[in-house]
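Numbers here are sequence positions counted from 1.
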Amino acid sequence: PENLKIGFGPEGKKTEDQLREACRKIAADGKGFGRAVYENIPKMMFIFLPLIAAVIYVLYLGSGRYYVEHLLFVVHYHAFFFLGGLVILLVERLATWTKDTSAGAAFGAIGGFLIFLFAFYVPYYLYRAMRRVYGQGRIVTLVKYSILGVAYLFCMVITGLGLLFYTALSL
């Protein structure tokens, strides 16, 4: 009980007690916590996507575009990303179902190739989409693309930690 000292002050005692109880529940049923995190990912994305749209809004302040247009751009890009991920998951599932046949080997090879292709095409697609939608040159877009990448990582870490805390406190 004394290993977890958060130090929120006197008003944080309730939160500290909730976190202690959540840690006990997680230790007792680790798979339940993983399942709860997985189920809360859409809630995290509901916060994450507007944050990334706000970063793009700041990057393109002089573009004359509204925040909602940047939000639609981010939603479009993530829809592409999730659709590609879904295709990869389906091919991998087909490989698992047919693992002892020649079709299983073919699906496994196709899945590996799709993952390789996806890993390189997704970042390229974002760069090309930024150039096409916002109409700026290669260097300016590359600089903004780099800044967006750092902001993306930062926002992902922040919302991911928020997801873990929210899930732990809602068990």
Side-chain angles (χ1 to χ4, degrees), residues 1-59 67-100 104 107-108 110-123 125-126 129 145-171:
E2 297 301 317
N3 292 340
L4 180 65
K5 289 289 183 189
I6 298 172
F8 286 133
E11 63 276 349
K13 179 73 173 134
K14 179 181 174 190
T15 304
E16 187 174 332
D17 292 339
Q18 287 176 327
L19 284 174
R20 284 181 196 274
E21 184 60 31
C23 287
R24 286 188 194 97
K25 288 179 183 178
I26 291 167
D29 183 23
K31 289 183 181 179
F33 179 71
R35 187 174 42 254
V37 167
Y38 180 76
E39 290 171 358
N40 285 329
I41 287 175
K43 293 175 186 172
M44 183 211 59
M45 293 303 288
F46 191 71
I47 295 169
F48 177 72
L49 292 179
L51 279 175
I52 294 300
V55 170
I56 294 176
Y57 179 74
V58 169
L59 286 174
Y67 169 78
V68 173
E69 295 176 87
H70 302 293
L71 182 61
L72 286 174
F73 175 79
V74 170
V75 169
H76 166 81
Y77 175 72
H78 281 83
F80 162 74
F81 178 80
F82 289 130
L83 181 63
L86 180 64
V87 169
I88 289 172
L89 285 175
L90 289 174
V91 170
E92 292 291 326
R93 183 62 53 109
L94 286 173
T96 304
W97 286 340
T98 60
K99 65 181 171 183
D100 295 331
F107 283 130
I110 291 169
F113 176 72
L114 286 176
I115 290 170
F116 175 78
L117 186 68
F118 200 62
F120 287 101
Y121 187 69
V122 166
Y125 179 77
L126 178 60
Y145 174 83
S146 300
I147 293 169
L148 180 62
V150 171
Y152 196 95
L153 180 64
F154 178 76
C155 290
M156 183 64 80
V157 167
I158 296 300
T159 56
L161 289 173
L163 169 68
L164 292 176
F165 276 109
Y166 174 78
T167 303
L169 291 176
S170 65
L171 286 178

Those residues that, when tested against Y77, pass ring pair (Phe, Tyr, Trp, His ring centres under 6.0 Å) (two or more places apart): none

Y121 meets the side-chain hydrogen bond (donor to acceptor under 3.5 Å, both in side chains) criterion, sequence neighbours left out, with none

Hey, does F80 have a side-chain heavy atom less than 4.5 Å from the side chain of V122? yes

Show which side-chain atoms of residues 44-53 pair as donor or acceptor with protein atoms under 3.5 Å away, not counting sequence neighbours.
none

Might you point out which heavy atoms bring A95 and G108 nearest each other, and give the distance in Å? CB-N, 3.6 Å

Separation between CD1 of I147 and CD1 of I56, rounded to the nearest 0.5 Å: 12.0 Å

Which heavy-atom pair separates L94 from T98 by the least distance, and what is that distance? O-OG1, 2.7 Å

CG of L117 to CD1 of I110, rounded to nearest 0.5 Å, is 12.5 Å

In the structure I gave you, are the side-chain heavy atoms of F73 and L126 within less than 4.5 Å of one another anywhere? yes

Indicate yes or no: at least one non-hydrogen side-chain atom of F81 is less than 4.5 angstrom from one of F118. yes

To the nearest 0.5 Å, how far apart are CG in L89 and CG in L114? 11.0 Å

Quick check for you: to the nearest 0.5 Å, what is the distance between L86 atom CG and R93 atom CZ? 11.0 Å

What residue pairs, at least two apart or across chains, pass salt bridge (Lys or Arg N to Asp or Glu O under 4.0 Å) with a residue in residues 68-79? R65-E69

Show every donor-acceptor pair shorter than 3.5 Å between a side-chain atom in residues 152-160 and any protein atom, with sequence neighbours excluded, or say none if there are none.
unit_1 : atom_1 : unit_2 : atom_2 : d
Y152   : OH     : H78    : NE2    : 2.7
T159   : OG1    : C155   : O      : 2.8
T159   : OG1    : M156   : O      : 3.4

Going by the rule side-chain hydrogen bond (donor to acceptor under 3.5 Å, both in side chains), which residues pair with Y125 if we only count those two or more places apart in sequence or in a different chain? H76

